[in-house]
Amino acid sequence: MNGPYYINDYCRICNGTVKVNDKVLYRSHTPDPAAFYTEVYKETAINYPKFYKMDNLCKLGFLASELLLRDKQLNSRYAGDDIGLVLYNASSSLETDKNHQLSIQDRSSYFPSPSVFVYTLANIVIGEICIRNKFYGEGTFFVDEAFDAERMYRYVNLLLYESHVQCCIAGWIEQHGPNYDGILYLIEKTNADPGGIAIFEPQNLTQLYLQRN
Amino acid sequence: MEQLIAKLKDEIIEVLNLTEITPEHIEENAPLFVDGLGLDSIDALELIVLLEKKYGLKLGTAEEGKKVLYSVRSMAEFIRENNKG
């Protein structure tokens with residue numbers, strides 16, 4: 001049976017606001033993404049010192065996943081390899097790629113930073129979330145021109161229908177310079193009790209994404 | 001020596017982004033890896049770059065690296081013995 005599947009929770013981070021489902025968790029006027037992410041980390045009492053070593057893309061994805069999954073106890077309901085992660089963005093890891101490029105540009109002062117270099121792949125954010133949560137299921141990062149609910153729906157739907165993935169965290173995690181835009185959905189085969197946010201359909205993905213906080 | 005250790009602690013905090021750690025938290029004789037600060041392999045690479053970039057020193061072998069990067073004091077001793085600058 002090809003669905004219906006359910007968006008049981010979502011976390012939206014954009015325009016200085018962090019929202020989980022319909023509840024605003026934090027609001028700030030800090031324009032710099034790095035400073036904003038640190039504020040969110042502290043204000044929401046997350047304890048994971050490795051956060052400080054992440055690049056901005058990972059920080060955004062990590063924060064969204066932490067707040068989306070808080071108190072959800074996914075690991076008690078699913079085996080680690082039954083939980084998938086499918087993320088999208090437009091800028092890939094370009095911000096960190098450029099930082100790395102700056103460190104190797106001058107041949108007379110050639111000191112690439114290993115801790116910058118390790119983040120020169122967009123899918124590292126999936127790795128960070130998986131390590132933190134002990135998820136071992138399929139992880140895929142797509143680079144697309146813009147948020148495309150239809151494309152996200154088709155891939156996640158296929159994953160839930162054809163693979164042994166029982167639960168999928170999917171979304172759009174975009175970070176480049178001063179611009180950031182994140183949303184993660186928790187998509188499951190069964191409706192949450194009490195009921196989740198919406199049926200997993202492209203129009204509902206879009207509707208939640210278009211809430212600009 | 002104590003001045004060099006204090007300087008190294010500041011530099012380690014900076015290059016490893018140890019935002020929640022102050023120099024006082026770093027015990028100069030304690031192991032930097034696994035116990036102590038709980039650093040990982042990427043941090044080790046970052047410390048190797050630090051030695052080269054700030055002090056012009058290269059580690060010869062992995063074995064030497066283990067000894068030099070054991071603690072802040074062992075790093076400082078290596079710098080003092082080898083830095084001609």
Side-chain angles (χ1 to χ4, degrees), chain A residues 30 32-60 62-63 66 93 95-97 99-121 123-125 127-128 130-132 134 175, chain B residues 7-27 30-66 68-72 75 78-79 82-85:
Chain A
T30 303
D32 173 45
F36 171 63
Y37 299 151
T38 301
E39 285 178 12
V40 174
Y41 174 85
K42 288 180 175 172
E43 288 293 326
T44 57
I46 296 169
N47 182 18
Y48 192 63
K50 200 183 172 199
F51 168 82
Y52 291 108
K53 299 187 177 189
M54 297 177 189
D55 73 346
N56 281 344
L57 177 66
C58 283
K59 282 179 177 172
L60 176 59
F62 173 80
L63 289 171
E66 284 290 296
S93 58
E95 180 177 304
T96 298
D97 298 349
N99 285 338
H100 174 62
Q101 164 63 23
L102 281 175
S103 74
I104 60 173
Q105 198 155 290
D106 182 357
R107 298 298 300 179
S108 64
S109 178
Y110 188 89
F111 293 106
S113 163
S115 56
V116 172
F117 179 72
V118 292
Y119 289 107
T120 56
L121 275 177
N123 58 343
I124 300 299
V125 62
E128 292 285 11
C130 287
I131 289 168
R132 166 66 158 167
K134 298 183 173 63
Q175 160 67 49
Chain B
K7 184 167 171 253
L8 257 181
K9 285 182 180 179
D10 288 339
E11 289 169 345
I12 289 171
I13 287 170
E14 186 193 343
V15 299
L16 301 186
N17 278 325
L18 301 175
T19 309
E20 293 185 322
I21 303 281
T22 64
E24 294 73 37
H25 282 114
I26 303 178
E27 163 56 46
L32 288 167
F33 295 86
V34 186
D35 302 321
L37 293 179
L39 306 184
D40 60 22
S41 57
I42 299 297
D43 296 321
L45 291 173
E46 210 57 76
L47 293 181
I48 292 168
V49 172
L50 166 71
L51 288 172
E52 190 175 344
K53 189 174 179 179
K54 303 263 186 185
Y55 300 96
L57 297 175
K58 285 189 179 182
L59 295 170
T61 63
E63 209 49 49
E64 185 184 30
K66 274 186 192 172
V68 172
L69 301 182
Y70 178 77
S71 66
V72 175
M75 286 180 71
F78 175 73
I79 292 167
N82 295 279
N83 191 4
K84 312 291 182 221

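Every chain is numbered from 1, with letters handed out A, B, ... down the list of sequences. In this text, all values refer to a predicted model and were calculated from it rather than measured experimentally.
- Only the side chain of B:Leu18 comes within less than 4.5 Å of a heavy atom of chain A; its backbone N, CA, C and O stay farther away.
- Between B:Gly65 and B:Leu59, the shortest heavy-atom contact is CA-CD1, 3.8 Å.
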**Item:** Residue pair B:Leu50, B:Leu8: steps toward the side chain to side chain contact (heavy atoms under 4.5 Å, CB included) verdict
**Value:** CA-CA 10 Å; B:Leu50 166 71; B:Leu8 257 181; 4.3 Å; yes
**Request:** Show your reasoning for whether side chain to side chain contact (heavy atoms under 4.5 Å, CB included) applies to B:Leu16 and B:Ile21.
**Result:** CA-CA 10 Å; B:Leu16 301 186; B:Ile21 303 281; over 6 Å; no
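- You'll find the side chain of B:Leu39 reaches within 4.5 Å of the side chain of B:Leu47, heavy atoms only.
- Minimum heavy-atom separation, B:Leu57 to B:Ile79: CD1-CA, 3.7 Å.
- For A:Phe117, the CZ atom counts as loosely surrounded, since its 6.0 Å shell holds 12 or fewer non-hydrogen atoms of other residues, nucleotides or ligands.
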Across chain B and chain A, what donor-acceptor pairs are shorter than 3.5 angstrom?
| from | atom 1 | to | atom 2 | distance (Å) |
| --- | --- | --- | --- | --- |
| B:Glu20 | OE2 | A:Tyr52 | OH | 3.2 |
| B:Asp43 | OD1 | A:Lys53 | NZ | 2.9 |
| B:Asp43 | OD2 | A:Lys53 | NZ | 2.8 |
| B:Glu46 | OE1 | A:Ser113 | OG | 2.8 |
| B:Glu46 | OE1 | A:Ser115 | N | 2.8 |
| B:Glu46 | OE1 | A:Ser115 | OG | 2.5 |
| B:Glu46 | OE2 | A:Ser113 | OG | 3.3 |

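- Of all the listed residues (B:Val49, B:Val15, B:Ile48), the one sharing the greatest number of non-hydrogen pairs under 4.5 Å with chain A is B:Val49.
- Side-chain atoms of A:Cys58 and A:Ile124, non-hydrogen and from C-beta on, do get closer than 4.5 Å to each other.
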